[in-house]
Each structure stands twice: as C-alpha cells, then as structure tokens.
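Working notes for the structure below.
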Number of protein chains: 2
Amino acid sequence: MDNAEPKSPQRRRTPGRASVTIRDVARHAGVSVATVSRALRGSDLVHPATRERVDAAIEALRFTPSQLGRSLAERRHAANGIVFPDLSGPFYAEVVLGYEEVAATLGRSVLILSTHNRDSADEMVLELAGRVDGLAVFGRTVHDDVVAEVVQRGVPVVLMARTEIEGADSVRTENVVAAASVVDHLLEHGHRRMAFLGDPVDSTDVAERWAGFRGALAQAGAEVPEQAIPAGFKEDDGARVAADLVAGGLPDVVVCANDELALGLTVALAEQGIEVPGDVALTGWDDVMAARYAGLTTVRQPMREMGARAARMLDARISGDRSEPRHDVLTTQLVVRSSCGPHP
Amino acid sequence: MDNAEPKSPQRRRTPGRASVTIRDVARHAGVSVATVSRALRGSDLVHPATRERVDAAIEALRFTPSQLGRSLAERRHAANGIVFPDLSGPFYAEVVLGYEEVAATLGRSVLILSTHNRDSADEMVLELAGRVDGLAVFGRTVHDDVVAEVVQRGVPVVLMARTEIEGADSVRTENVVAAASVVDHLLEHGHRRMAFLGDPVDSTDVAERWAGFRGALAQAGAEVPEQAIPAGFKEDDGARVAADLVAGGLPDVVVCANDELALGLTVALAEQGIEVPGDVALTGWDDVMAARYAGLTTVRQPMREMGARAARMLDARISGDRSEPRHDVLTTQLVVRSSCGPHP
DNA sequence: CCGGTTTATGTAACCGGTACCAAAGGAGCG
DNA sequence: CGCTCCTTTGGTACCGGTTACATAAACCGG
C-alpha cells in the first residue's frame, strides 16, 4: 500500500508552497484520480456515496484544481486575448469592456495587451497568441504579417477597426457615410471652406473618414482640400496645429478625426482669442464623455457593441465555425451639438 | 531505434490541428528533447553546431513552444490578474493601463476581470486566482472572505482603493487631507453651507472623503451636515438628486464624491434654471477629462501610478519578498477651476 | 443459478514542456 | 598511455490534470 518510499527520487519540491493536487484528494478519499476528476466535472456517473467522500476530501484539503493542468489536458486555454494600442483614450476602455463582458459570460478569461508603440509589440502579440484560444486586434497596433502568422498558427483572429486580412473576421464602424453626413450637416450651416485634421495614413478609420469627407464635398460642388492636416489622436496633437491653422487663414470649419483632437484644438484656439463656433466651427468623432460637456458635435460609435461582437465572433470560431470570414460594419450616428455653429 | 510502433495506442489526436511539439523538433533535428529545450531557453551550454540544427528544425516546423506546457513545468503562470467593478468610468481605464504597462515590462501578461455586480463574481475571482501568479483587486468588488481565501491559497494580492486585509499589500490615494483642502478652499470662497454627495458606505474612498469633509468643517466651526446624500458614481445618480436638492433648499456648495456625479448634477440643475457656480458651487473628484472641459474644480488622483505601483508590489511578492505587507498612500492634488465660484 | 448488461472504479497513457542525473567523448596532464 | 575533468547530450521523471480502456461489481430476466 504505502509504496514508492525508497526508489522515488523524493518529490522535488520547489521553495514555494506545496499545492494540493488531485492525487492528494484521491488518496485522502480512498479513490482513484479518475474518480476524483469525474466527481470534479460533475457530469459523469459517480456513485453518490463516493461523490460525497470526494467532496469531503476536497473540502478538507481545500483543493482547487489547477487551471494549468486542466488546460493542458483539455488543450484549450479558456481565455481570449485583446490587443490595442493604448488604453488611455476614454474610448478603448469601452471596447475592452464590451469584449470582457461577453467573454466572461462565455466562460473565457480575457488577457489584455497594450502595445504602446513598443518595438517588441510583435513578439508580445505572438507570445499572447500562444496563451489564448482566440485573439482580437484593434487598429494598426500590429503588423499585417504578424497577424497573418497568428492566423496561420490556427488561432482565430478578429480585427477591429482595421483593414481586413485574409482568413480573419473583422468588425468596424461605418465611416464614409458618417463623414459625408457630417459634411452635409456643415453645408446646411452654410460652411464652405472645410479642413480635415487627422492622418489618413495612420489609421484605416481616419482614411475612410477623409475619403467620405472629400467625397461629400466634391458631390456638393464645394472646395475639396488637397490634403488632410496630419495629426495624432491626442489633445496635444490638436493644440499643436492651432498656430499653423490661424497663420494659414482659418477655414469655416475643421473636421477632426477624433474628439480629443477637436477638444485640444478648441482650447489652443481660445488661447489665441479665437472662438468656437463663432470664428471657426469644429467637429469631432467618437462622442467621448468630455464631448458632451464641451458641446462638441461629433459622431457616436457603438464601441461597446464592437467589443461584444468581436468576442462573439471569436467564440463561434473557437467553437469550430469554419464558414467564410465575416466582416461586420456597425452603424454610427451624428450627434449635433453647439460646436458646429447655431442652427440656420 | 524506431520503437513503440505496435504497442502504443496510437497518439490520440483531437479534431483540431496537430500542433508541433518539442518532440517533433527533436526528431527533426536528430537530438533529444532535452537539447531542444536547452537551445530554446538560450542559456545553457549547447554546442553551436547543434544549436544551429535545432534552430533550423524550429524554423522548418514553425514551432512555437506551448506556454501551457512551459507554465506547468515551471510552476508559474507569468501572468497577473486585475479585478475591478466596471471599466466604464473614464477612471479605471487609467489604473488598468498603468498596471498593464508595468506588468508587461516585467514579462507578465495581464488578465482582467470586471465584476459588473454579477452574483458569480466571487467564483470568478477564485477562478481567476487559479490562473495567475498575483492578483490586484480594486475597491469593493469582492467580498473580504474571498480575498482572504485567495491570500490563504498563497496567491499574492494587492488591494487598490480598499480597506486593508490581513496579509495583503495595498495602495490607495490620500482622501482625508484632500477633502479637507477642498473644504478649506471653499471656505475661502466664503461658502458656508456645504452638502456632500456620495455614499460613504459604498466605498472606502468615499467614507474617507466624507470624514475629511466633516472634520474640516468642524475645525472651521462651520455647520456640519448630519448625513451625506447617498448616490452611486454615475452621471445619472447625480442627476437624480437634483430635484431633492432644490426642494430641500440649496446649500452654498455640493462636494461630490466623484466627477461624474458632479457633472450629471450640473446638467440636471441647469435644466431647472440653476447655474453653477452662480447659484450653487460644485466640486468633483478624480479629474477626468470631461472635468477639464466642464470647468469642474476637483481632486486629481494618480491613477496610472496606482496601477503601476500595484504591479510592482505584486512582482516583489511573487519574486519571494516575505516582508511585512506595505500600505502605500499616494498623494492627491486639488485642481481649482471655475465650478467653485469666482476667486474672492 | 447463469450469461448478459449496466454501472462504478481503477490503471495508465496522454497534453507539452523542464531539469536532474548519468553517460559519452575529448582535452589536458603527469 | 592512463586518468581525471569538463563539455555535450540523452533518458526520463516530473508539473497536474483528463479520459480511453479494462475490470469488477451489481442487476435482471429466463
């Protein structure tokens, strides 16, 4: 009965605490590990009396099954990953929230990775891919070939707000029509000379907004600017262009690629004595909380829904859905406030 | 050489893709798994020529070591968890960001869990605890006994913005002094009748702010309200109390437990024709982005630093630090804007 | 009272790595 | 030339679960 005392190289034990394993439980309950495992998973056929003994042992030993051992045996992580550039915007948080909520409901943990423009981002993503059953990637955070590599390894990927990639699902929000509706609204205000602030090269979303913007202007026979004014996504980036904008002669309105740009620009302009919307009108994009209080006209995107949908798409893939990749487009909504000027 | 053909029950293969393992690499390179493992970990002493063969095999087979197998063998997850109530505030996102940034630098992945007031939160936390090397818990998201249970299992825990628990480190921000400085500032404005909006029972932070608020009023010989006006943390909660506040006779100022409350209240009051700061002054707490644009006087907390510090504390514990639990308190900063009235 | 099921449990081979221990082969030295 | 010592490498027992397969016990109608 009490075997293996002499031969065994005496359980190597790490400095850390000795965690109690399924075999300890089995011994304590006087059954085999198989039985404990079965009792653990509730399901199968275990005699009530036996189950009781096992439960008692589990209780007595305060046993918790190791997720690691379980995952290895089941060959699934029961976890999803999500990659985004930087949580700092008030914006990504919503996406993550929607994602997490659905994933949790589906019994999957969520691993987050923020790339912060780190050089090592690519490796970090690959590493992450090895820890999850599926991965959501937001925007231009990761190089195409890295995403392709992940897909190629068989890990389902959903892209969010990003150009499509062979073999991966995607969710994004509508941009072209929304940008056109912004422009149309501004035209109704009587604004004619419009500038666009944001770098179309930097993001698919911005590129589409820029395209929609130009298209609508052209269609209306209004003047179409040659180029967008390049800028990042932060308030600082908006503030930085204020001087140039003034020096170059103010347009009637500046359509900004996101709210933070518009807000930063508003403040910087005010410092130069230029009023919004009196001297120049502005619009943003995203409808962050601050936009409400700043009276910023903007476009609302269903960020939380986007995260939620990504999580559901991944779940379907992980569960074996082999159908053609889907590419969902969520509709957006123009939110008119005061920054575009008094209603005509 | 080519053994085990007849006896082996022929590798059970799951429906999924057959991932390439370290043994495949070993076979391909004509070496043992031990050698591959050594080559993999870079370190050890492997003959350059051998290493080259192994690398070639890895390349050829597009092998990626399984994090699962590795974690199981190393008995570490290389991952930390963080639990918070709800990401939706513009506020928690910062904490998570700081946490993630440091954790990533230290080579740990981050698992997030948002409890959303779900009933199953406790089990979810316990489950999470089984997947990580350390856990950060924000606020009153989890019952004390659940946290204790996690600690008892030997998983290091750091509490954020929460009352201390035996055996766990904690980080929080200073509240009492800050609340007093808010009150002092308001007294300088000449405000005397002050109300406090927020539920002290709901959160340790709020309780401390309420205490600091009362203390400062008492010290100044001003009228001390019997009770705080209970409210949650959302804009809606702020809006909801507007009517009662007006009906009960407006105080000189309402000190709110967070910015969202103050902002929601501002809007609701405006709808009733009551101006801030003309008819009533307001202050918030957190200094979210919207507070800047709404001109809200508030208290800034170093949220990102809080997350970062929690991650560092956990790292120390995981690395074997057995010293007494630390309880860090981060200093906060009064940010004066227009909502408290014109300067005297 | 017996062969045939059905139910309950045990045995052991995985999952995919890590690392201890031993052995092989080469170099250096008296 | 024999003998240590050191560098490389291989064999294998883990880590902590799951589960296919075998086995034993209990049940059943004829």
Side-chain angles (χ1 to χ4, degrees), chain A residues 1 3-4 7-27 29-54 58 61 63-78 130-131, chain B residues 1 3-4 7-27 29-54 58 61 63-78 130-131:
Chain A
M1 266 305 163
N3 60 343
K7 186 94 128 293
S8 147
Q10 190 190 11
R11 279 199 171 217
R12 173 173 30 125
R13 47 164 63 243
T14 42
R17 65 222 136 79
S19 59
V20 14
T21 80
I22 197 174
R23 309 195 205 248
D24 299 324
V25 176
R27 197 173 318 127
V31 298
S32 73
V33 292
T35 301
V36 176
S37 178
R38 282 186 284 253
L40 228 42
R41 339 210 68 230
S43 49
D44 274 287
L45 39 182
V46 181
H47 193 90
T50 312
R51 180 183 301 271
E52 214 162 289
R53 287 222 311 288
V54 172
I58 289 175
L61 272 49
F63 166 75
T64 326
S66 152
Q67 297 296 331
L68 233 41
R70 183 169 279 180
S71 289
L72 187 58
E74 289 180 344
R75 316 183 79 174
R76 63 186 287 253
H77 300 267
R131 297 173 153 265
Chain B
M1 265 311 163
N3 58 344
K7 185 94 124 295
S8 146
Q10 190 189 14
R11 279 197 175 221
R12 176 178 22 131
R13 45 164 65 244
T14 42
R17 66 218 135 79
S19 61
V20 13
T21 80
I22 198 174
R23 303 184 213 257
D24 299 325
V25 175
R27 198 173 317 126
V31 297
S32 73
V33 291
T35 301
V36 177
S37 178
R38 280 186 287 255
L40 228 42
R41 338 214 66 230
S43 50
D44 274 287
L45 38 184
V46 181
H47 192 89
T50 311
R51 179 182 303 272
E52 213 162 290
R53 287 221 311 287
V54 172
I58 289 175
L61 271 50
F63 165 74
T64 326
S66 151
Q67 297 295 331
L68 233 41
R70 183 168 279 180
S71 289
L72 187 58
E74 289 180 346
R75 319 185 76 176
R76 56 173 288 212
H77 299 267
R131 297 173 153 264

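The figures that follow rest on heavy atoms only: side chains count, while hydrogens, waters and symmetry mates do not. Naming convention: chains lettered A, B, ... in sequence-line order (proteins, then strands); numbering from 1 in each chain. Computed from a prediction, not measured in an experiment: that's the story for all the values here.
- The shortest distance between side-chain heavy atoms of R70(B) and R41(B) falls below 4.5 Å.
- Straight-line distance from the CD atom of E74(A) to the P atom of dG16(D): 17 Å, rounded to whole Å.
- Not one side-chain nitrogen or oxygen of R75(A) sits closer than 4.0 Å to the OP1 or OP2 atom of dC15(C).
- Rounding to whole angstrom units, CD1 of residue I58(B) and C1' of dG17(C) are separated by 13 Å.
- One interatomic measurement links the two molecules: NE2 of H77(B) to C1' of dG17(D), which rounds to 13 Å at whole-angstrom precision.
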What's touching nucleotides 5-9 of chain D from the protein side, N or O pairs under 3.5 Å?
residue	atom	partner	partner atom	Å
dT9(D)	OP1	T50(B)	OG1	2.1
dT9(D)	OP2	H47(B)	N	2.9
dT9(D)	OP2	T50(B)	OG1	3.4

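- Residues F63(A) and I22(A) come closest through the heavy atom pair CE1-N, 3.5 Å.
- The phosphate of dG17(D) has neither OP1 nor OP2 within less than 4.0 Å of any side-chain N or O from S37(A).
- The side chain of R41(B) places an N or O atom within less than 4.0 Å of a non-bridging phosphate oxygen (OP1 or OP2) of dA19(C).
- Heavy atoms only, all atoms of each residue included: V54(B) and V25(B) are closest at O-CG1, 4.3 Å.
- A donor-acceptor contact under 3.5 Å is formed by the side chain of R23(A) with the base of dG17(D).
- Heavy-atom minimum distance, A26(A) versus S32(A): CB-C, 3.8 Å.
- Taking each heavy atom of S19(B) and R75(A) in turn, the nearest pair found is OG-NH2, 4.4 Å.
- Listed nucleotides: dG17(C), dA19(C), dC15(C). Nearest to the side chain of A73(B): dG17(C).
- Among dG17(D), dT11(C), dG17(C), the nucleotide with an atom closest to any side-chain atom of P65(B) is dG17(C).
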Next item on the list: Test T21(A) against V33(A) for side-chain contact (heavy atoms from CB on, under 4.5 Å), laying out the working first.
Entry: CA-CA 10 Å; T21(A) 80; V33(A) 292; over 6 Å; no
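- Taking atom CD1 on I22(A) and atom P on dG10(C), their separation rounds to 12 Å, with Å as the unit.
- Side-chain proximity of V33(B) to the nucleotides dC15(C), dT18(C), dT18(D) is greatest for dT18(C).
- Separating the CG atom of L68(A) from the P atom of dG16(C) is a distance of 14 Å, rounded to the nearest angstrom.
- The side chain of S19(A) sits closest to dG16(D) out of dG16(D), dT18(D), dG10(C).
- A pairwise comparison of heavy atoms in Q67(B) and R131(A) identifies CG-CG, 3.7 Å as the closest pair.
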